[in-house]
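Here is the structure we will look at, set down as structure tokens.
Fair warning: this is a prediction, and the values are worked out from it, not measured in the lab. Per chain, numbering begins at 1; letters A, B, ... match sequence-line order. These numbers come from the heavy atoms of this one structure, side chains and all, not from hydrogens, waters or symmetry mates.
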Protein chains: 4
Amino acid sequence: MIMKHTNVETLFANGIKATDLSKKQQSVLQASLTLFAQQGYENTSTQDIAQLAGVSEGTVFKHFKTKEGLLQAILTPFIHDIFPQVAGEFLTALAENPFDDFETFLRYAVHDRISYAMDNRREMKIFIQEMVKNPTILTKLTERLGGLLQSGINRLFADYQQRGQLVDWDSMRIIRLVSGVMVGYLIPNIIMSDQPLDCEAITNEICEFLLNGLRPTAETAS
Amino acid sequence: MIMKHTNVETLFANGIKATDLSKKQQSVLQASLTLFAQQGYENTSTQDIAQLAGVSEGTVFKHFKTKEGLLQAILTPFIHDIFPQVAGEFLTALAENPFDDFETFLRYAVHDRISYAMDNRREMKIFIQEMVKNPTILTKLTERLGGLLQSGINRLFADYQQRGQLVDWDSMRIIRLVSGVMVGYLIPNIIMSDQPLDCEAITNEICEFLLNGLRPTAETAS
Amino acid sequence: MIMKHTNVETLFANGIKATDLSKKQQSVLQASLTLFAQQGYENTSTQDIAQLAGVSEGTVFKHFKTKEGLLQAILTPFIHDIFPQVAGEFLTALAENPFDDFETFLRYAVHDRISYAMDNRREMKIFIQEMVKNPTILTKLTERLGGLLQSGINRLFADYQQRGQLVDWDSMRIIRLVSGVMVGYLIPNIIMSDQPLDCEAITNEICEFLLNGLRPTAETAS
Amino acid sequence: MIMKHTNVETLFANGIKATDLSKKQQSVLQASLTLFAQQGYENTSTQDIAQLAGVSEGTVFKHFKTKEGLLQAILTPFIHDIFPQVAGEFLTALAENPFDDFETFLRYAVHDRISYAMDNRREMKIFIQEMVKNPTILTKLTERLGGLLQSGINRLFADYQQRGQLVDWDSMRIIRLVSGVMVGYLIPNIIMSDQPLDCEAITNEICEFLLNGLRPTAETAS
DNA sequence: CATGAATGAGTTTTCATTCAT
DNA sequence: TATGAATGAAAACTCATTCAT
């Protein structure tokens with residue numbers, strides 16, 4: 001039931017190849033991704049990027065025009081293509097897998113998202129850093145993903161709610177609660193540690209709690 | 001039962017006054033706090049600070065030596081004095097109030113921390129930004145607060161656990177879950193929005209979920 | 001018998017051209033040499049250098065990284081290449097010329113070194129100034145030149161000593177005495193005056209004295 | 001025959017006390033002397049001086065107006081009072097001591113000046129450094145001491161010359177030769193080393209050479 | 001397309017000097 | 001006289017960006 005999902009870096013690299021970017025320009029993007037994740041955007045000089053990419057300083061600007069353009073060239077495909085694609089894959093996986101009950105569903109979803117985050121720590125870190133500085137990124141992402149997820153999730157949740165396995169709350173509230181709990185585990189790890197978490201263990205730890213919290217109460221279930 | 005807590009900015013300002021810093025140096029600190037919160041550390045020039053503080057650029061360096069020293073002068077008192085004091089006050093409040101049951105306790109605690117965060121949005125933002133860039137801050141904070149909180153919380157939780165009102169999990173796990181959920185609500189608001197949240201409403205929203213999730217299950221309650 | 005020796009500035013300029021430094025970078029080095037000699041290292045700002053070199057301030061730092069690096073870029077080739085080369089040329093000239101006696105030898109050597117110093121007043125001045133401030137330069141130079149000179153000089157002196165034309169002292173003592181006397185004439189002129197000395201005149205003045213002082217005495221000559 | 005001469009630092013300290021300078025101002029001068037000698041004038045900040053003197057930064061300027069004024073306050077008494085006084089003492093000592101012959105005279109004089117330089121290494125170093133940068137100091141000193149020494153020395157030398165013990169050269173030429181040789185020994189030691197020289201040993205080494213060099217030749221002695 | 005030297009505006013930092021207390 | 005906080009001009013240095021080759 002658990003399937004390997006596509007790594008965003010692979011998606012990113014594929015996206016790069018799909019463009020008309022030259023080899024050198026591609027390595028500029030890769031170097032930027034690495035350095036932005038390691039030291040943050042402001043602490044990375046275009047000279048650093050040129051050096052790691054093995055190109056001249058001029059080349060860094062040839063195609064991306066500005067340093068900000070370079071950041072956008074990294075963030076935009078994530079927002080426009082990669083995250084939506086990933087969200088779509090996730091939803092499709094959820095929809096295609098005939099989960100017997102909400103617990104099976106939740107365990108799958110939580111595990112999948114956690115292992116996904118673990119597989120993409122570097123990119124996550126850049127995103128977190130940039131969102132914290134420049135909240136419009138988060139806004140754009142929310143707009144972009146909001147509709148997509150909501151419609152898909154709404155239908156899934158409605159099913160479990162009708163079958164009395166899930167509390168009858170607004171699906172955005174449920175998502176916020178679930179993701180809040182996951183974020184509480186993920187962020188400290190992504191920011192502070194180099195060691196990935198044990199996905200199985202914390203999936204259990206989280207789900208045990210979530211299943212209680214999201215179980216229909218006597219009143220609401222009636 | 002709900003009491004007004006001391007605002008960290010007030011504590012900070014008082015801490016500043018307690019030092020032997022001159023009026024101008026104090027205004028340098030205040031200006032830095034403001035600008036670092038608004039635009040981030042790297043995007044704030046010492047010229048900006050001098051201008052807002054109404055002092056010359058030399059003055060900024062006279063006492064704090066470097067720009068990094070200025071950041072430390074802001075962060076250190078938070079880590080060493082303000083946060084521990086705040087945590088102490090919170091624990092004292094929890095210990096002194098004779099809560100009838102875990103629900104009353106949880107509602108108080110959640111509401112208190114959420115309204116606390118709302119009252120200190122600016123400082124929270126700086127901390128979040130800096131922690132994301134420089135994780136050692138989070139490490140130091142964890143070290144500093146860890147022991148303090150754990151011993152105090154352990155005792156409180158043990159009581160509710162014996163009375164069968166709280167699931168029998170390790171208290172750090174409970175704290176992580178509760179704070180995860182809260183953070184899921186707080187961070188997007190602190191980072192993205194200028195409008196504070198409605199504390200009452202989201203306290204209810206959160207607690208309704210938490211109380212279910214943390215209720216002892218049939219097996220564990222037996 | 002008296003031959004024109006290569007000017008260090010020419011050697012330096014040639015050394016510069018041999019490197020992969022651009023035209024502008026070369027003019028930065030030349031400007032630094034000029035200004036350091038004129039006003040001293042500390043009293044020369046990087047802005048002064050940029051202006052005289054006809055480049056932007058950024059250019060000064062682009063290659064030499066720091067102002068100190070610029071000083072080193074001037075001093076190092078002198079210590080590592082130019083001075084050894086000059087010392088080598090000097091020794092070769094002494095060895096190849098068949099001097100009839102010690103007097104002819106001494107007159108040649110003294111005249112050569114004095115006119116050499118006169119031809120390189122600017123560079124001498126920088127070296128003197130920097131050595132006075134930072135004695136390690138002198139140490140490095142001594143290490144670098146010591147062995148080279150000693151072996152060559154030893155052989156020359158031994159010959160004149162055997163022929164009873166030169167007092168039987170350690171050759172380093174003789175060099176120190178000879179150079180002391182020369183330095184006594186040169187330094188005040190190099191430091192204080194813009195007018196070069198009359199090499200012939202003071203060569204005579206010095207040698208008349210040295211020949212007496214270094215003549216074997218009755219006892220030692222026996 | 002060998003007498004202890006007055007240390008310039010003592011003279012300097014006495015000169016300081018003679019002025020109407022306050023205790024604090026005196027310590028400012030002492031601190032400047034120390035730091036200028038250690039690190040050079042340009043590399044010493046007025047803050048450094050204030051710190052070492054144990055006074056406020058304002059105090060450094062209260063009396064001496066500028067940093068340059070502070071340097072002058074150190075150098076001027078040397079040029080105007082201390083060096084002339086020292087030269088006077090030296091000449092008096094030479095005049096009062098009834099030296100049997102030039103050799104005794106020379107040995108005394110050389111030993112005296114060398115041990116004098118050794119006793120005042122710190123001050124010598126400042127003087128050397130400043131003269132190298134700012135030659136007017138040397139000019140002033142030469143003017144000031146020139147006449148004083150010349151008349152005194154002339155008379156002494158004339159005596160030995162008539163007695164056929166000293167070559168019949170201009171006394172300034174003799175002084176330059178003698179001081180050149182001494183300087184050749186002293187400067188490298190003062191600049192580079194912390195260990196004072198063995199005065200006796202090098203006095204012998206130098207005088208053995210000088211006595212030969214300055215001995216009247218057959219022709220000139222006739 | 002790629003290069004890398006050059007740019008110049010901007011940043012942090014230093015420091016001699018002033019002045020109200 | 002002494003203080004030390006404050007100053008502001010100038011210093012060293014950084015860095016995104018341009019452009020001739």
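Of all the heavy atoms in D:Thr44 and D:Lys67, the pair that sits closest is O-NZ, 2.8 Å.
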Side-chain atoms of residues 124-131 of chain A: list all donor-acceptor pairs with protein atoms under 3.5 Å, sequence neighbours left out, distances to 0.1 Å.
| from | atom 1 | to | atom 2 | distance (Å) |
| --- | --- | --- | --- | --- |
| A:Gln129 | NE2 | B:Val132 | O | 3.4 |
| A:Glu130 | OE2 | A:Lys133 | NZ | 3.3 |

For residues 12-22 of chain C, please give each side-chain donor-acceptor pair under 3.5 Å, one per line with the distance, not counting sequence neighbours.
| from | atom 1 | to | atom 2 | distance (Å) |
| --- | --- | --- | --- | --- |
| C:Asn14 | ND2 | C:Thr10 | O | 3.4 |
| C:Thr19 | OG1 | C:Ile16 | O | 2.4 |
| C:Thr19 | OG1 | C:Leu21 | N | 3.3 |
| C:Ser22 | OG | C:Gln25 | N | 3.2 |

Note to self: Strictly under 4.0 angstrom, non-hydrogen atoms only: write out the protein contact profile of nucleotides 15-21 of chain F, one letter per nucleotide from the 5' end, B, S or -.
What the structure shows: -BBB---

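Distance CD1 (C:Ile49) to P (F:dC13): 11 Å, rounded to an integer number of Å. Summarising the geometry, the separation between CG on C:Leu71 and P on F:dA12 is reported as 13 Å, rounded to the nearest angstrom. Computed from coordinates, the C:Asp48 CG to F:dA11 P distance equals 7 Å when rounded to whole Å. Nucleotide F:dT3 holds its C1' atom 15 Å from the CG atom of B:Asp20, rounded to whole Å. For the pair A:Gln51 CD and E:dT3 P, the interatomic distance rounds to 14 Å; values are reported in whole Å.
The side-chain hydrogen bond (donor to acceptor under 3.5 Å, both in side chains) analysis of residues 27-36 of chain A, with sequence neighbours excluded, yields the pairs A:Thr34-A:Arg122. Pairs passing the salt bridge (charged side-chain N to carboxylate O under 4.0 Å, His left out) check and including a residue from residues 57-66 of chain D, sequence neighbours excluded, read B:Lys62-D:Glu57. Residue pairs meeting the salt bridge (charged side-chain N to carboxylate O under 4.0 Å, His left out) criterion with at least one partner in residues 24-36 of chain A, sequence neighbours excluded, do not occur; the list is empty. Pairs of residues two or more places apart, or lying in two chains, that qualify as ring-ring contact (aromatic ring centres under 6.0 Å, His included) and include a residue from residues 19-38 of chain C are C:Phe36-C:Tyr41.
Put simply, CD on B:Gln39 and OG on B:Ser45 are 8.0 Å apart, with the number rounded to the nearest 0.5 Å.
When the side-chain nitrogen and oxygen atoms of C:Ser56 are compared with OP1 and OP2 of E:dT7, one or more of them lie within a distance under 4.0 Å.
Of the residues in residues 22-37 of chain C, none lies under 4.0 Å from DNA chain F by heavy-atom distance.
Nucleic acid contact for A:Val60: none, since no nucleic acid atom lies under 4.0 Å from a heavy atom of the residue.
Listed by chain and number, the residues in a side-chain contact (heavy atoms from CB on, under 4.5 Å) with C:Thr66 are C:Glu68 (sequence neighbours excluded). C:Thr139 pairs by the side-chain contact (heavy atoms from CB on, under 4.5 Å) definition with C:Glu143, D:Met192, not counting sequence neighbours. Scanning for side-chain contact (heavy atoms from CB on, under 4.5 Å) contacts around D:Thr76 gives D:Gln72, D:His80, with sequence neighbours left out.
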Checklist line | Under the 3.5 Å Watson-Crick or G-U criterion, the dot-bracket string of DNA chain F, with | for inter-strand pairs | finding: .||||||||||||||||||||

